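See structure below.
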Amino acid sequence: MEYSRQVRELLAARYDHPPMAYVHSFGCQQNQSDGEKIAGMLAQMGYGFTDAPEQADLVIYNTCAVRENAEDRVFGNVGALKSAKKRRAGMLIGLCGCMMQQQAVADKIKKSYPYVDLVFGTHALHTLPELLYRRLLGENRQFSTENARGEIIEGVPLRRSGSIKANLPVMYGCDNFCTYCIVPYVRGRERSRNPGDVLNEARALVGQGYRELLLLGQNVNSYGKGLSEPINFAALLRRVNEIEDDFWIRFMTSHPKDCTHELIDTIAACNKVCRHIHLPVQSGSDRILAAMNRHYTVAHYLELIDYARARIPGVTFSSDIIVGFPGETRADFEQTLELIKRVRFNALYTFIYSPRPGTKAAGMEDPTPAADKSLWLRELLDAESDIRSGMQADAVGTTLRVLAEGEGRSGDGWLTGRTQGNDIVEFTAPRAMIGSFVDVTIERAQNWALFGRLKEG
């Protein structure tokens with residue numbers, strides 16, 4: 001708080017108007033949530049905001065390290081800022097997030113991008129006011145990338161990106177060490193927020209009119225580890241569900257090895273928890289799952305799916321699939337195809353394997369040609385599209401409850417929103433209904449959305 005005040009005073013003395021900041025977060029919902037904290041701290045320090053980085057006095061890129069293309073995009077965007085900084089006197093550039101928690105990346109920035117002023121990792125997010133204050137005073141470029149355990153800092157100001165749906169982190173870090181994943185190395189080990197802090201924030205969000213809360217964690221099913229109060233994620237869900245008012249609860253991400261019947265029973269019993277589970281399977285081959293260090297089998301995964309469908313009417317599932325993991329064969333891939341046809345996910349997030357330096361999988365032999373992996377991905381996407389088409393067609397003629405989130409893509413007079421099952425719905429309705437729950441009768445379907453009108457009566 002003291003550094004925020006000092007930065008505010010410095011800026012007031014240097015500018016006759018609020019200086020402009022541009023903040024962009026790459027990657028997952030947790031990164032988006034961190035971006036809201038960055039913006040909140042900047043607003044507290046006296047910054048305004050712009051959507052044009054070349055017009056900003058401060059540019060901050062909150063980076064993602066999960067896949068190589070995300071890193072390439074960051075380097076490309078930072079390179080493009082070099083000329084903008086020459087044109088705009090006093091512009092500062094900051095890089096933070098998961099990429100910066102990797103020492104090799106931080107060293108590359110220090111050596112090859114001398115015009116970057118601030119570099120700080122995931123564990124140093126809350127120190128932004130201090131780093132910025134020191135740089136504004138003329139001190140050397142500020143680097144804070146220590147690989148600390150990462151304490152949970154409550155009370156960081158937020159500037160939320162929307163007024164209808166809110167991110168609500170419940171835990172940070174990951175203990176799973178999947179062989180392909182860099183997250184435990186850049187986010188640290190699992191730490192859970194105190195349930196009282198989570199509930200206080202949830203009540204405040206509902207009181208402010210938010211209609212959907214997204215409970216966030218790298219593995220929410222591990223919530224509660226290390227807390228003095230004995231509590232698990234199912235118990236936390238029940239407590240949030242008890243908050244009065246009309247709102248929905250979603251959560252991500254849920255690891256299959258820690259997904260329990262208790263959690264599924266809790267979803268079935270809680271009227272505000274959406275009937276949708278994002279349950280990343282990654283592969284349909286037990287051999288590949290073992291090489292990934294996922295700690296479950298296909299049979300275990302399918303048992304969870306079947307149990308959930310028996311206990312939660314209308315439940316839908318989405319998942320992540322990695323194609324072309326080192327050593328994956330055509331036979332392994334065909335088992336993945338069989339799995340998605342058996343489960344019938346309503347959405348898949350599919351990726352060709354991207355080696356992450358520092359992970360175990362990056363050192364594994366990978367004899368499968370890239371061209372084969374691309375063909376497999378295309379085949380997977382085609383199968384997913386066929387499944388999706390059938391599921392969408394089945395919705396025609398039904399009436400679904402939808403949270404109206406904003407203006408639709410279909411033209412004037414159309415709004416868009418999502419169902420409890422996470423399906424996108426576009427419908428004709430007055431703009432004043434944005435932020436409300438509405439009943440929509442589905443009249444037609446495309447792969448990407450359902451289309452309808454407000455239920456009569």
Side-chain angles (χ1 to χ4, degrees), residues 23 25-42 62-66 96-98 101 120-128 148-176 181 183-184 186-208 210-227 229 231-241 243 247-255 258 263 272-274 277-278 280:
V23 180
S25 294
F26 298 84
C28 69
Q29 289 294 129
Q30 187 66 67
N31 254 27
Q32 303 302 318
S33 178
D34 287 348
E36 292 177 334
K37 293 179 181 178
I38 293 167
M41 288 185 283
L42 292 177
N62 183 25
T63 64
C64 172
V66 172
C96 64
C98 293
Q101 200 63 51
F120 52 105
T122 56
H123 303 310
L125 185 74
H126 63 285
T127 69
L128 172 59
R149 170 173 167 75
E151 58 182 317
I152 293 178
I153 307 296
E154 298 289 351
V156 176
L158 286 165
R159 183 177 184 265
R160 294 192 180 273
S161 57
S163 59
I164 299 170
K165 301 163 67 173
N167 296 319
L168 178 51
V170 302
M171 62 176 296
Y172 303 91
C174 183
D175 289 350
N176 288 310
C181 186
V183 167
V186 296
R187 285 281 181 183
R189 305 303 289 269
E190 292 174 354
R191 298 96 66 201
S192 296
R193 291 182 70 190
N194 185 289
D197 293 326
V198 173
L199 289 169
N200 287 338
E201 186 172 347
R203 292 189 192 99
L205 289 167
V206 172
Q208 293 163 21
Y210 286 91
R211 300 293 75 164
E212 182 176 301
L213 308 183
L214 176 60
L215 309 189
L216 287 175
Q218 266 72 42
N219 177 16
V220 292
N221 295 345
S222 292
Y223 175 81
K225 288 167 65 173
L227 293 176
E229 175 184 352
I231 184 172
N232 62 14
F233 186 59
L236 181 70
L237 273 183
R238 289 193 293 270
R239 294 190 193 182
V240 178
N241 190 78
I243 297 173
F247 66 98
W248 283 349
I249 304 164
R250 297 190 192 272
F251 61 87
M252 66 183 310
T253 294
S254 189
H255 196 298
D258 300 313
L263 176 59
K272 294 168 186 169
V273 178
C274 289
I277 305 174
H278 183 65

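Being a predicted model, the structure only gives us computed values, none of them experimental.
Looking at D34 and S25, their side chains never come closer than 4.5 Å, going by heavy atoms from C-beta outward. Residues Y223 and I231 form a side-chain contact, since some pair of their non-hydrogen atoms from C-beta on lies under 4.5 Å apart. Put simply, the side chain of R211 does not reach to within 4.5 Å of the side chain of K165, judged on heavy atoms. Taking the side chain as every heavy atom from C-beta outward, L168 and V198 approach each other to under 4.5 Å.
Judged by distance alone, with hydrogens and angles left aside, the side-chain atoms of T63 form a donor-acceptor pair with the main-chain N or O of C96 at under 3.5 Å. Judged by distance alone, the side chain of E190 and the main-chain N or O of G173 form no donor-acceptor pair under 3.5 Å. At distances below 3.5 Å, at least one donor-acceptor pair connects side-chain atoms of S192 with backbone N or O atoms of G224. Formation of a donor-acceptor pair under 3.5 Å by the N219 side chain with backbone atoms of C174 is not found in this model.
In this structure K272 satisfies the salt bridge (charged side-chain N to carboxylate O under 4.0 Å, His left out) test with no other residue, sequence neighbours excluded. Listed by chain and number, the residues in a salt bridge (charged side-chain N to carboxylate O under 4.0 Å, His left out) with D175 are R189, K225 (sequence neighbours excluded).
Summarising the geometry, atom CZ belonging to F247 is positioned 11.0 Å from atom CD belonging to E212; distances are rounded to the nearest 0.5 Å. The CG atom of N62 sits 10.0 Å away from atom CD of Q30, with the distance rounded to the nearest 0.5 Å. Expressed to the nearest 0.5 Å, how far NE2 of H126 lies from CE of M41 amounts to 9.0 Å.
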- Under the salt bridge (Lys or Arg N to Asp or Glu O under 4.0 Å) rule, what do K37 and E154 come out as? Steps first, then yes or no, please. CA-CA 11 Å; K37 293 179 181 178; E154 298 289 351; over 6 Å; no
- Residue pair D258, F233: steps toward the side-chain contact (heavy atoms from CB on, under 4.5 Å) verdict: CA-CA 10 Å; D258 300 313; F233 186 59; over 6 Å; no
- Could you check S254 against N221 for side chain to side chain donor-acceptor pair (under 3.5 Å), going step by step and ending with a plain yes or no? CA-CA 6 Å; S254 189; N221 295 345; 2.6 Å; yes
- Query: Could you walk me through whether N200 and R203 pass the side chain to side chain donor-acceptor pair (under 3.5 Å) check?
  - Reply: CA-CA 5 Å; N200 287 338; R203 292 189 192 99; 3.2 Å; yes
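Checking each of N241, V220, V170 against L236 for a side-chain contact (heavy atoms from CB on, under 4.5 Å) leaves exactly one that passes, namely V170.
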Expected list for residues 155-164: side-chain donor-acceptor pairs under 3.5 angstrom, two or more places apart:
residue : atom : partner : partner atom : Å
R160    : NH1  : N167    : O            : 2.9
R160    : NH2  : E201    : OE2          : 2.7
S161    : OG   : E36     : OE2          : 3.1

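Between E151 and R193 there is no salt bridge, since no side-chain N of the basic residue sits under 4.0 Å from a carboxylate O of the acidic one.
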